[in-house]
Protein chains: 2
Amino acid sequence: MNCPFCRYEDSRVIDSRPSDEGSSIRRRRECTQCGSRFSTSETAVLSIIKRSGATEPFSREKVINGVRKACQNRPVDDDDLALLAMRVEEALRSTGQAEIEAQEVGMAILPPLRELDEVAYLRYASVYRNFSSLEDFEGEIALLRALPIEKTELESKSQVASPQLK
Amino acid sequence: MNCPFCRYEDSRVIDSRPSDEGSSIRRRRECTQCGSRFSTSETAVLSIIKRSGATEPFSREKVINGVRKACQNRPVDDDDLALLAMRVEEALRSTGQAEIEAQEVGMAILPPLRELDEVAYLRYASVYRNFSSLEDFEGEIALLRALPIEKTELESKSQVASPQLK
DNA sequence: ACTCTTACCCCTAGATATTGGGGTTAAATT
DNA sequence: AATTTAACCCCAATATCTAGGGGTAAGAGT
């Protein structure tokens with residue numbers, strides 16, 4: 001592992017701890033050459049399987065781009081989007097799957113988006129779930145009214161998987 | 001390391017290779033329990049925590065964009081900015097922190113920017129430190145006159161952390 | 001003012017990873 | 001169509017890491 005300071009190619013591990021409940025390993029390393037120290041994190045690769053069958057690494061950027069359109073003229077800034085994407089990533093990782101269908105990503109976006117902005121949520125859901133009539137909107141609105149904001153689907157699974165996740 | 005499939009907490013490394021020219025390590029692991037395999041990647045962490053709580057990887061580009069505005073009409077070219085961003089990254093990495101507040105990035109920019117161009121420095125500081133009056137400028141100017149250019153704060157810490165840094 | 005949490009620090013023996021070699025396959029590039 | 005790249009696969013020796021213990025300090029939350 002390259003030293004971030006002097007670029008020397010060798011470093012040794014000083015300390016090593018599981019983190020995020022074992023979903024990653026955090027190491028403290030020391031450069032063999034210059035003696036400086038730095039931290040690293042080892043995490044499972046998270047690949048998305050597209051409908052075509054092709055896989056690509058999960059990208060927060062792609063999540064953000066997908067959601068941004070639904071947020072036009074809404075009080076949602078880039079930080080909100082970044083935070084949302086982070087939550088989506090956490091939810092997906094917490095399923096434990098190494099590879100995830102693109103559709104699951106769409107599903108994972110819904111709960112945090114609802115918390116962020118219900119208007120954006122409706123727009124997004126209307127596209128993602130193929131609303132075809134006014135009634136579809138009404139139905140979704142009724143659902144939103146009926147269910148208080150709380151964990152659903154993927155997110156509740158993630159609660160099981162990582163109870164302490166806040 | 002958790003198995004992404006069955007959640008079992010233990011896995012062993014099957015194969016391990018440096019990648020990205022040594023800036024990361026890719027491992028192939030096998031779950032001790034269910035025998036499934038997955039890949040992981042270990043990389044040096046340098047995350048920036050924004051005020052919103054969102055984190056994103058450190059980006060030299062963002063540093064450059066932030067500083068470029070302050071350098072309008074100043075004799076500062078893209079190479080200078082690239083060098084500055086490199087120094088900022090070094091300064092931040094040399095703190096040994098894995099995660100750094102966005103504000104710290106702003107702080108880390110100040111010393112090398114002063115060395116580069118004091119006018120740009122003043123402009124940048126006036127924004128970054130919220131100058132609200134002419135007196136604020138005068139105060140800063142007085143400080144600049146009083147203190148010769150030399151290591152301050154973060155930069156001096158980095159000297160301690162990585163003595164051999166050339 | 002305290003508690004919780006997180007990152008940092010240090011130590012050691014036994015368990016595990018690394019890195020050299022040797023390969024295959026699929027996708028991207030020439 | 002040939003090449004390159006990146007994952008994937010296998011083996012085996014010993015050098016390295018891990019996980020247990022024990023700490024400190026800073027920051028956030030109560």
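Numbered from 1 within each chain, the chains take letters A, B, ... in sequence-line order.
Atom P of nucleotide dT18(D) and atom CZ of R12(B) are separated by 15 Å, given to the nearest angstrom. Remark: P of dC8(C) and CZ of R37(A) are 11 Å apart, rounded to the nearest angstrom. Look at CZ on F38(B): it is 12 Å from P on dC8(D), rounded to the nearest Å.
The C1' atoms of five pairs define one axis at each end of the helix from dA1(C)-dT30(D) to dT30(C)-dA1(D), and these two axes lie 90° apart (to 10°).
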Look for any protein N or O under 3.5 Å of an N or O in nucleotides 19-26 of chain D and output each such pair with its distance, or none.
{"from": "dG20(D)", "atom 1": "O6", "to": "R17(A)", "atom 2": "NH2", "distance (Å)": "3.1"}
{"from": "dG21(D)", "atom 1": "O6", "to": "R17(A)", "atom 2": "NH2", "distance (Å)": "3.2"}

Listed pairs, N/O of protein and of nucleotides 24-26 of chain C, under 3.5 Å:
none

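Under the side chain to side chain donor-acceptor pair (under 3.5 Å) criterion, D15(A) pairs with R17(A), not counting sequence neighbours. Listed by chain and number, the residues in a salt bridge (charged side-chain N to carboxylate O under 4.0 Å, His left out) with K69(B) amount to none (sequence neighbours excluded). Remark: S36(B) pairs with C3(B), F5(B), C31(B), C34(B) by the side chain to side chain contact (heavy atoms under 4.5 Å, CB included) rule, at least two apart or across chains. R29(A) meets the salt bridge (charged side-chain N to carboxylate O under 4.0 Å, His left out) test with E42(B); sequence neighbours excluded. Remark: E30(A) engages R12(A), R37(A) in a salt bridge (charged side-chain N to carboxylate O under 4.0 Å, His left out) (not counting sequence neighbours). Residues passing the salt bridge (charged side-chain N to carboxylate O under 4.0 Å, His left out) test with R28(B), sequence neighbours excluded: none. The ring pair (Phe, Tyr, Trp, His ring centres under 6.0 Å) search around F131(A) returns F137(A), not counting sequence neighbours.
Within 4.0 Å (heavy atoms only), S39(B) reaches sugar-phosphate atoms of the nucleic acid but no base atom.
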Donor-acceptor pairs under 3.5 angstrom involving side-chain atoms of residues 70-77 of chain A: please list them, not counting sequence neighbours.
{"from": "R74(A)", "atom 1": "NH1", "to": "D117(A)", "atom 2": "OD1", "distance (Å)": "3.2"}
{"from": "R74(A)", "atom 1": "NH1", "to": "D117(A)", "atom 2": "OD2", "distance (Å)": "2.9"}
{"from": "D77(A)", "atom 1": "OD1", "to": "D79(A)", "atom 2": "N", "distance (Å)": "3.0"}
{"from": "D77(A)", "atom 1": "OD1", "to": "D80(A)", "atom 2": "N", "distance (Å)": "2.8"}

task = Let me see the working for L144(A) and Y121(A) under side chain to side chain contact (heavy atoms under 4.5 Å, CB included), right down to the final yes or no.
result = CA-CA 10 Å; L144(A) 291 177; Y121(A) 170 87; 3.6 Å; yes
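Closest-nucleotide positions on DNA chain D for S19(B) and E30(B) were compared, and the one nearer the 5' end corresponds to S19(B). Place E42(A) and R26(B) on DNA chain D by their nearest nucleotides, and R26(B) ends up nearer the 5' end.
Counting only residues at least two apart or on different chains, the salt bridge (Lys or Arg N to Asp or Glu O under 4.0 Å) pairs with a member in residues 134-144 of chain B are R129(B)-E140(B).
Among the nucleotides dT18(C), dC17(D), dC10(C), the one closest to any side-chain atom of R27(B) is dT18(C).
Considering only heavy atoms from C-beta on, I100(A) stays 4.5 Å or farther from F58(A) through its side chain.
Under 4.0 angstrom from either OP1 or OP2 of dC8(D) there lies at least one side-chain N or O belonging to R28(B).
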